[in-house]
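Only one structure is covered here, and it is reproduced in the block below.
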There are 2 protein chains.
Amino acid sequence: MEAKITAILRKHQLSITEARKKILSLFWETGNALAHGDIEQKSSEDFDRVTIYRTLQTFVEKGIIHTIPTSDNSVRYALCKDECAAGHHHDDHVHFICDDCGTTYCIDEVSVPKVKLPKGFRAVQTDLVISGTCNKCEQ
Amino acid sequence: MEAKITAILRKHQLSITEARKKILSLFWETGNALAHGDIEQKSSEDFDRVTIYRTLQTFVEKGIIHTIPTSDNSVRYALCKDECAAGHHHDDHVHFICDDCGTTYCIDEVSVPKVKLPKGFRAVQTDLVISGTCNKCEQ
DNA sequence: TACAACAATGCAACTTTGTTGCAAAATATT
DNA sequence: AATATTTTGCAACAAAGTTGCATTGTTGTA
């Protein structure tokens, strides 16, 4: 575990620090996407709020995590797949946000369909975000 | 113009006030989506910040405007089509956010494709948000 | 392993963004 | 026109995000 974490950091030419190891392992442990607030709750005793902001920003820039747009002003972050590199994200899968429990999933099984845009529009990134009820909250 | 605005408000059983008329006409004039900040800039001398928050909230609840998720913690709002009613939005078109100028477009020509989700996941709303360069910023 | 160079962190202060309660003003109803 | 209802502005607050700088931690090199 620890080895995997440090390997990822080293691969992206980041120095190995406590904050980065902790935050990165949080993503591995939960599996799902996390908002800044989630991370703050789970590590506020260990790190300053500012460090979390800066760490998330660094991870996005380096292609370790990607953002998931939301309609409630609380951007979520999730681990990228290996193909993502600094400045070039390739996360063309669907994201699902549960209205009940708030959990955000990366639905890897489904890929985002290509969309034809009107003339002059050039797509760089496509986000397909679905909200509803997840398989745990359904009865 | 004024007549059209008041008709929309009345149709949704909202009392006709200066703030609502002004904010609603802003959406009609610009044509594109607006963030809270945009509206505040264009009408801060006329109305209090709080009024804008509450007006946008009311408009969303009544089905006059809908939200567009973003990755930068600045939810955008855009006019709904006629089919939207209180509590039931039907805005299954694609949204495009320009990385250059920040303009957010509703691409009505393209509709959001249906997506099959894994078992247990029930979709209520689907948002397809594409970012890149718009037809005005392209050269 | 010790040292210098560099990068990351914590702290403080601050700005921006969003929320709530309540009195005053505006709108609707009769 | 008078009253009931709704909306607004204000104030005070809470939460979220940013910036500069001194301190601490990490890395590469001798």
Side-chain angles (χ1 to χ4, degrees), chain A residues 2-3 5-26 33-62 64-65 67-77 86 102 104, chain B residues 2-3 5-26 33-62 64-65 67-77 86 102 104:
Chain A
E2 167 102 12
I5 297 292
T6 55
I8 294 176
L9 291 174
R10 192 160 287 134
K11 178 183 162 192
H12 291 89
Q13 301 169 326
L14 291 173
S15 42
I16 318 293
T17 71
E18 286 306 311
R20 286 172 181 170
K21 282 193 289 185
K22 174 73 186 254
I23 292 175
L24 191 45
S25 56
L26 275 180
L34 297 171
H36 170 92
D38 300 328
I39 298 170
E40 199 172 320
Q41 282 185 347
K42 297 184 182 183
S43 68
S44 61
E45 293 161 9
D46 306 324
F47 307 110
D48 194 83
R49 261 162 22 88
V50 180
T51 301
I52 300 173
Y53 281 112
R54 291 197 266 226
T55 302
L56 289 174
Q57 193 179 316
T58 304
F59 283 2
V60 171
E61 285 166 2
K62 290 290 184 176
I64 298 176
I65 60 177
T67 56
I68 303 169
T70 66
S71 286
D72 65 346
N73 278 336
S74 75
V75 175
R76 317 283 161 90
Y77 301 87
T104 302
Chain B
E2 167 101 11
I5 297 292
T6 55
I8 294 176
L9 291 174
R10 192 160 286 134
K11 178 183 163 192
H12 291 89
Q13 300 167 330
L14 291 173
S15 43
I16 318 292
T17 70
E18 286 305 311
R20 287 173 180 167
K21 283 193 288 185
K22 174 72 186 253
I23 292 175
L24 191 46
S25 57
L26 275 180
L34 297 170
H36 170 93
D38 299 328
I39 298 169
E40 199 172 320
Q41 283 184 346
K42 297 184 184 184
S43 68
S44 61
E45 293 161 9
D46 305 324
F47 306 110
D48 194 81
R49 261 162 22 86
V50 180
T51 301
I52 300 173
Y53 281 112
R54 293 197 265 225
T55 302
L56 289 174
Q57 193 180 315
T58 304
F59 283 2
V60 170
E61 285 165 3
K62 290 290 185 176
I64 299 176
I65 59 177
T67 56
I68 302 169
T70 66
S71 285
D72 66 346
N73 278 335
S74 76
V75 175
R76 317 281 161 91
Y77 302 87
T104 302

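- Taking atom OH on Tyr53(A) and atom P on dT16(C), their separation rounds to 15 Å, with Å as the unit.
- At whole-Å resolution of the value, NE2 in His12(A) and C1' in dT26(D) are 19 Å apart.
- When all heavy atoms are compared, the tightest approach of Arg49(A) to His36(A) is O-CE1, 3.9 Å.
- In this structure, Leu9(B) atom CG and dT27(C) atom C1' are separated by 13 Å, rounded to whole Å.
- Of all heavy-atom pairs spanning Ile23(A) and Ile39(A), the tightest one is CG1-CG2, 4.1 Å.
- Put simply, the side chain of Arg54(B) and the base of dG18(C) share no donor and acceptor less than 3.5 Å apart.
- Mapping Ser15(B) and His36(B) onto DNA chain C by nearest heavy atom places His36(B) closer to the 5' end of the strand.
- Along DNA chain D, the nucleotide nearest to Thr17(A) and the one nearest to Ser74(A) differ in position, and the one closer to the 5' end is contacted by Ser74(A).
- Along DNA chain D, the nucleotide nearest Arg20(B) and the nucleotide nearest Arg49(B) are compared for position; the residue whose nucleotide lies closer to the 5' end is Arg20(B).
- Distances shorter than 4.0 Å separate some side-chain N or O of Asn73(A) from OP1 or OP2 on dG18(C).
- Distance Leu14(B) CG to dA26(C) C1': 15 Å, rounded to the nearest Å.
- Contact between Thr70(A) and Arg76(A) at its shortest, heavy atoms only, is CG2-CG, 3.9 Å.
- Annotation: of the two residues near DNA chain C, Phe47(A) and Val50(B), the 5′-most nearest-nucleotide partner is Phe47(A).
- A straight line from CG of Asp48(A) to P of dG20(D) spans 17 Å, rounded to a whole angstrom.
- The closest donor-acceptor contact from the side chain of Arg20(A) to the backbone of Thr55(A) lies at 3.5 Å or more, if one exists at all.
- In this structure, CD1 of Ile23(A) is placed 12 Å from C1' of dA8(C), rounded to the nearest angstrom.
- Look at CG on Leu56(B): it is 11 Å from P on dT8(D), rounded to the nearest Å.
- Residue Asp72(A) is out of contact with every strand shown, counting any heavy-atom pair closer than 4.0 Å.
- Across the protein-nucleic acid pair, Lys62(B) atom NZ and dT6(D) atom P stand 11 Å apart, rounded to whole Å.
- Asp46(B) contributes atom CG, which lies 11.0 Å from atom OG1 of Thr51(B) (distance to the nearest 0.5 angstrom).
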